[in-house]
Amino acid sequence: MAEHNKLGKKGEKLAVDFLLKKGYNILEKNYRYQKSEVDIIAQKDNTIVVVEVKTRSTPEFGDPQEFVKPKQIQSLVKAVDHYIEDHQLDMEVRFDIVAIIKNKLGTSIEHLEDAFFHF
């Protein structure tokens with residue numbers, strides 16, 4: 001597995017652990033619909049929380065959250081729409097980003113709630 005893929009998998013595990021400690025219920029990890037993949041679908045209270053995890057080894061080229069592009073957001077929305085319909089859920093949906101920088105100096109985790117928009 002390529003080094004950046006290993007880092008991404010470590011980041012997703014860190015994000016799941018982080019969210020669990022904050023009281024989130026993890027419903028899905030790596031949920032796929034067509035060509036889209038949603039890193040984490042969680043629930044907190046009466047809200048479905050869609051989490052995009054961005055992990056980098058350095059902030060040198062920009063913060064991890066800056067790498068979520070409009071096309072990716074459209075893809076996430078489409079996949080989550082399908083998930084909501086498929087599971088017949090009637091809850092508010094929120095899109096978050098968990099930005100992680102992990103390197104020899106340590107690990108920093110930033111949770112950006114409502115990073116895109118509300119439905």
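Heavy atoms only: backbone and side chains are in, while hydrogens, waters and symmetry mates are out. Throughout, numbering of the chain's residues begins at 1 and tracks the sequence.
- Counting all heavy atoms, side chain and backbone alike, Lys29 lies closest to Ile26 at CG-CG2, 3.9 Å.
- Take Asp39 and apply the side chain to side chain donor-acceptor pair (under 3.5 Å) test, not counting sequence neighbours, and it matches no residue.
- Remark: the backbone N or O of Lys22 is paired with a side-chain donor or acceptor of Lys44 at under 3.5 angstrom.
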How far apart are the C-alpha atoms of Val80 and Val77, what are their side-chain angles, what is the distance that settles it, and do they pass the side chain to side chain contact (heavy atoms under 4.5 Å, CB included) test? CA-CA 5 Å; Val80 171; Val77 169; 5.9 Å; no

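- Lys9 contributes atom NZ, which lies 10.5 Å from atom OG1 of Thr55 (distance to the nearest 0.5 angstrom).
- Atom CD1 in Ile73 sits 15.5 Å away from atom NZ in Lys78 (nearest 0.5 Å).
- Residues passing the side chain to side chain contact (heavy atoms under 4.5 Å, CB included) test with Thr47, sequence neighbours excluded: Val49, Glu92, Arg94.
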Are Glu37 and Glu52 close enough, and set up right, to give a side chain to side chain contact (heavy atoms under 4.5 Å, CB included), and what steps lead you there? CA-CA 9 Å; Glu37 181 179 328; Glu52 178 64 19; over 6 Å; no

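- A distance-only check finds no donor-acceptor pair linking the side chain of Asp96 to the backbone of Val51 [under 3.5 Å].
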Expected list for residues 11-20: side-chain donor-acceptor pairs under 3.5 angstrom, two or more places apart:
unit_1 : atom_1 : unit_2 : atom_2 : d
Lys13  : NZ     : Asp17  : OD1    : 3.1
Lys13  : NZ     : Asp17  : OD2    : 3.0

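- Aromatic ring pairs are classed by plane angle as parallel below 30°, tilted from 30° to 60° and perpendicular above 60°; the pair His82 and Tyr31 is parallel.
- Proximity of Thr107 to Ile101: side-chain heavy atoms (C-beta onward) are nowhere separated by under 4.5 Å.
- Aromatic ring centres of Tyr33 and Tyr83 lie farther apart than the 6.0 Å criterion allows.
- Taking all atoms of both residues into account, the shortest heavy-atom contact from Tyr24 to Ala42 is CD2-CB, 4.1 Å.
- Remark: Gln72 CD to Ser36 OG distance equals 9.0 Å, nearest 0.5 Å.
- Counting non-hydrogen atoms of other residues, nucleotides and ligands closer than 6.0 Å to CG of Asp86 gives a total above 12.
- With values rounded to the nearest 0.5 angstrom, Leu105 atom CG is found 10.5 Å from Ser57 atom OG.
- Annotation: side chain of Ile48 is in contact with side chain of Leu27 (closest heavy-atom distance under 4.5 Å).
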